[in-house]
Amino acid sequence: MAPNTTATDDPAPARRVLILGVAPVQLLDIAGPAEVLAQAGRQLARDGARGEPPYAVSTIIVPGQGLAATSAGLDLPSTASEAQVLGWDAIDTLIVAGGEGARSRADDPSVQRLLRRLAPRARRIASVCTGAFILAAGGLLDGRRVTTHWRWCAELARRHPALTVDPEPIFIRDGTLWTSAGVTAGMDLLLALVEEDHGHALALAVARELVLFLRRPGDQKQFSTVLSAQTGPSARLGGLLAWIAENLHRPLPVEVLAARACLSPRQFARVFREETGMTPARLVEQLRVEAARQRLESGRAGLAAVVAACGFGTEETMRRAFLRQVGASPGDYRDRFRHAAPARIPPMPLRDQHP
């Protein structure tokens, strides 16, 4: 006789995920999330997991007359028909992709009719980039704190004053509703969903396989400090900003920075503030905190090592900087990202290896 088995011995059924796009859809808004979920299945299979993959992903693209399926001009057929998806009793995750179609056709009756029928069946709903416009047009985001691509935050807020639109985070969770910033932030959001479903170890393995930065927390800004500061500066200061980011472990007084810019300290301080909107000391502190956050999120670096690598000098200096900019001490911040170590994670790829 076959041995007795219990229900808990059976592998969990695949979670049904539907990615909804409106032509022309942003190709990466579909491909990025789909690849994260597919990679989660491949990683589990490598670890010897039994049964079907953890996610069953389908896509449906609402066509538009004379419109290409994607903004890249590439044909991307739906993998499920409208009749099929409306025949499903339940959907684990409904992901609404962004793109030109999401912005210009959010109120399209065919789009909203489909959304109204699908949304009540979904356990959770997420938007990638400007997919938030479709959810907002359907009233699903009223009273919620949301985000979208930085370029379209103001427009989303103007069209839908019932929303609280935050232009800074890369993704936001408000209950069972998730919204993300532009394009690649959708992959960060999907990693967070994988982590919620299957734990930190699997999300980390997926990120490493895809050479993604795990784990960017949702409240991380859409722009890094360097990228934000480089919006206005001249070429001379733009190069200096990159140099600062690569040399945070060194003392960086204004005299050193001014010399690299071939300016007097007084002239440098004035020009720097005019072009970046902040003092040199403020920018250096922001860069150091940003670098320290990345190290603390990994959970592997001790505070003393982070202090040295990021140039704070002392743990007390780093603590004060974190309290000013993050609202939490470095130790408390690190604890937010401390998880049990995974049993088996593939090694990080090494670049530029030579014999």
Side-chain angles (χ1 to χ4, degrees), residues 145-147 150 153 164-174 180-181 185 188 192 213-233 237-238 240-258 260-261 263 265-266 268-339:
R145 176 173 168 258
V146 303
T147 194
W150 62 269
C153 282
T164 299
V165 182
D166 190 339
E168 291 205 343
I170 59 172
F171 66 83
I172 292 175
R173 178 184 186 178
D174 190 334
S180 73
D188 293 291
F213 182 90
L214 188 85
R215 173 184 170 281
R216 289 204 300 176
D219 60 359
Q220 185 158 318
K221 294 182 178 181
Q222 294 193 29
F223 290 118
S224 69
T225 298
V226 170
L227 186 58
S228 296
Q230 284 180 330
T231 302
L237 283 191
L240 176 63
L241 295 175
W243 181 85
I244 292 172
E246 295 171 355
N247 290 273
L248 293 175
H249 59 286
R250 302 183 181 188
L252 297 171
V254 68
E255 292 79 10
V256 170
L257 304 181
R260 289 197 66 86
L263 296 170
R266 184 173 180 178
F268 171 76
R270 177 181 59 79
V271 171
F272 193 94
R273 185 166 192 130
E274 288 175 353
E275 295 197 15
T276 68
M278 66 184 80
T279 66
R282 175 71 172 173
L283 180 125
V284 169
E285 181 179 276
Q286 286 189 5
L287 286 173
R288 284 180 167 147
V289 169
E290 192 170 90
R293 286 178 63 170
Q294 294 177 7
R295 286 169 170 79
L296 292 172
E297 285 160 16
S298 73
R300 295 188 295 272
L303 293 183
V306 174
V307 166
C310 300
F312 284 105
T314 67
E315 289 190 21
E316 177 61 19
T317 300
M318 182 168 73
R319 188 185 73 85
R320 291 178 180 176
F322 262 70
L323 290 175
R324 279 191 295 270
Q325 295 196 36
V326 182
S329 70
D332 289 342
Y333 186 85
R334 180 183 57 187
D335 289 344
R336 289 174 53 192
F337 300 97
R338 181 174 287 164
H339 299 267

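Note that the structure is a prediction, hence the values are computed from the model and not measured.
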Which heavy atom of A181 sits nearest a heavy atom of P169, and at what distance? CB-O, 3.9 Å
Test log, rule salt bridge (Lys or Arg N to Asp or Glu O under 4.0 Å), inputs E316 and R319: CA-CA 5 Å; E316 177 61 19; R319 188 185 73 85; 2.9 Å; yes
Test item: side-chain donor near acceptor, E285 and Q325, under 3.5 Å: yes
d(F322 CZ, R334 CZ) to nearest 0.5 Å is 10.5 Å
Got a second to check how far R324's CZ is from R320's CZ, nearest 0.5 Å? 8.0 Å
Counting C-beta onward and ignoring hydrogens, is there a side-chain heavy-atom pair between V306 and P330 closer than 4.5 Å? no
How about V165 and T147: do any of their side-chain heavy atoms sit closer than 4.5 Å? no
Between V307 and T314, does the side-chain contact (heavy atoms from CB on, under 4.5 Å) criterion hold? Intermediate values first, please. CA-CA 6 Å; V307 166; T314 67; 5.5 Å; no
Carefully, step by step, assess L287 and L248 under the rule side-chain contact (heavy atoms from CB on, under 4.5 Å). CA-CA 8 Å; L287 286 173; L248 293 175; 3.9 Å; yes
Under 3.5 Å, side chain of D174 to main-chain N/O of R145, donor-acceptor pair present? yes
Shortest non-hydrogen pair, A261 vs L240, comes out as CB-CD2, 4.4 Å
What pair of heavy atoms forms the shortest contact from N247 to L252, and how long is it? O-CD1, 3.7 Å
Report the distance from atom CZ of R288 to atom CZ of F312, rounding to the nearest 0.5 Å. 7.0 Å
d(L263 CG, R260 CZ) to nearest 0.5 Å is 13.0 Å
Test T164 against V146 for side-chain contact (heavy atoms from CB on, under 4.5 Å), laying out the working first. CA-CA 6 Å; T164 299; V146 303; over 6 Å; no
Over all heavy atoms of both residues, which pair between F171 and D188 is shortest? Give the atoms and the distance, please. CE2-O, 3.8 Å
Going through the checks in order, is the side-chain contact (heavy atoms from CB on, under 4.5 Å) test met by T279 and F272? CA-CA 7 Å; T279 66; F272 193 94; 5.9 Å; no
Going from SG on C310 to CZ on R295, what distance comes out if it is rounded to the nearest 0.5 angstrom? 4.5 Å
Provide the closest heavy-atom pair for P265 versus V254 in the form atom of the first, atom of the second, distance. O-CG2, 4.3 Å
Checking the side chain of D332 only, and the main-chain atoms of A328 only, is there a donor and an acceptor separated by less than 3.5 Å? no
Atom pair CG (L323) and CE (M318), whose distance is rounded to the nearest 0.5 Å: 10.5 Å
